[in-house]
Amino acid sequence: MYIILFGPPGAGKGTQANKLVNEFNLHKVSTGDLLREEVKNKTEEGKVIKLKIDKGSLVSDTIISNLIKKVLLNKDINQRIIFDGYPRNLNQAKELDLLLKKNKRLISCVLSLAVDKESLVKRVLGRQICSKCGLIFNKYFKPANKINHECDSKFLETRSDDNELTIKNRFDTYVAKTLPILNYYRDQNLLHEVNGMAKIDDIYMEIRGIIASIET
Ligand code: ADP
């Protein structure tokens with residue numbers, strides 16, 4: 001099973017993916033997370049990646065392709081994947097089809113989370129990620145507390161690209177490069193559009209219903 005979670009920055013893809021992973025025994029593949037790992041390792045490639053991320057531009061298709069190929073070779077996870085933040089342009093979408101086809105596999109569905117621009121900015125500016133457990137919180141809408149988070153609050157981090165200047169460019173990049181993919185998947189009857197403005201748990205109920213219907 002290969003699911004794609006689609007939506008603008010701050011739409012809640014990571015939050016929903018984290019919930020789905022447990023219930024459906026899926027493996028989350030977030031190209032954003034993989035890229036941030038590269039940045040942490042401070043390699044030459046990591047430096048190039050950081051410049052792009054902090055500008056709010058896309059990282060090159062070659063770098064992304066190498067990361068994804070590695071993931072698809074990993075037998076521990078390559079049967080049940082939920083992609084978060086990938087593919088990000090038409091070229092990546094077409095390459096993913098080819099990579100899956102080579103192994104006689106297909107994309108199961110594309111879940112698109114729609115959120116208005118004003119809310120996205122607020123969500124991104126309030127986002128906090130736990131560097132220990134990976135859970136995502138929001139200073140304004142979903143603060144971490146003793147009930148919803150086991151780790152110490154010192155592990156909560158703000159991403160370097162979650163600032164007002166970069167978010168504008170990230171949104172413009174999304175509209176110019178990423179949004180056109182929607183039609184590509186709509187034409188293949190793979191697209192499910194979900195209201196990303198609803199409550200986290202309500203969105204989750206809708207999404208899990210869609211996935212459950214595909215599994216049967
Ligand atoms: P968000 O969806 O909130 O923008 P991500 O963690 O998915 O956050 O991505 C952060 C940044 O990483 C993007 O702005 C972009 O620079 C880079 N990135 C992530 N995924 C891709 C991808 N598939 N192709 C190109 N660049 C990517």
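All of these numbers come straight from a predicted model, not from anything done at the bench. Count residues from 1 along the sequence. Start at 1 and go down the list; that is how both ligands and their atoms are numbered.
Using 4.0 Å as the threshold, G56 has no heavy atom nearer than that to any atom of ligand 1.
With a 6.0 Å radius and a threshold of 12 heavy atoms from other residues, nucleotides or ligands, E23 has its CD atom above the threshold.
Paired with D201 under the rule salt bridge (charged side-chain N to carboxylate O under 4.0 Å, His left out), one option of K19, R208, K142 passes, and it is K19.
Not one N or O of D161 is nearer than 3.5 Å to an N or O of ligand 1, by distance alone.
Counting heavy atoms under 4.0 Å from ligand 1, residue D84 does not touch it at all. The part of S57 lying near ligand 1 is the backbone, judged by heavy-atom distances below 4.0 Å. Proximity of I64 to ligand 1, defined as any heavy-atom pair under 4.0 Å, is confined to the side chain (atoms from C-beta onward). When heavy-atom distances to ligand 1 are checked against a 4.0 Å cut-off, R127 comes that close only through its side chain, counted from C-beta outward.
Each of the atoms 3 (O) of ligand 1 lies under 4.0 Å from some heavy atom of G10. Atoms of ligand 1 found under 4.0 Å from any heavy atom of K13, numbered from 1 in the order shown, are 2 (O). In the vicinity of L35, heavy-atom distances shorter than 4.0 Å reach the ligand 1 atoms 12 (O), 17 (C), 18 (N), 19 (C), 27 (C). Close contacts between ligand 1 and Y86 involve ligand atoms 23 (N) [criterion: under 4.0 Å to a heavy atom].
Comment: K154 does not engage D152 in a salt bridge, judged by the lack of any side-chain N to carboxylate O separation of less than 4.0 angstrom. Ionic pairing of K101 and D97 is not present here: no N-O contact between side-chain nitrogen and carboxylate oxygen is shorter than 4.0 angstrom.
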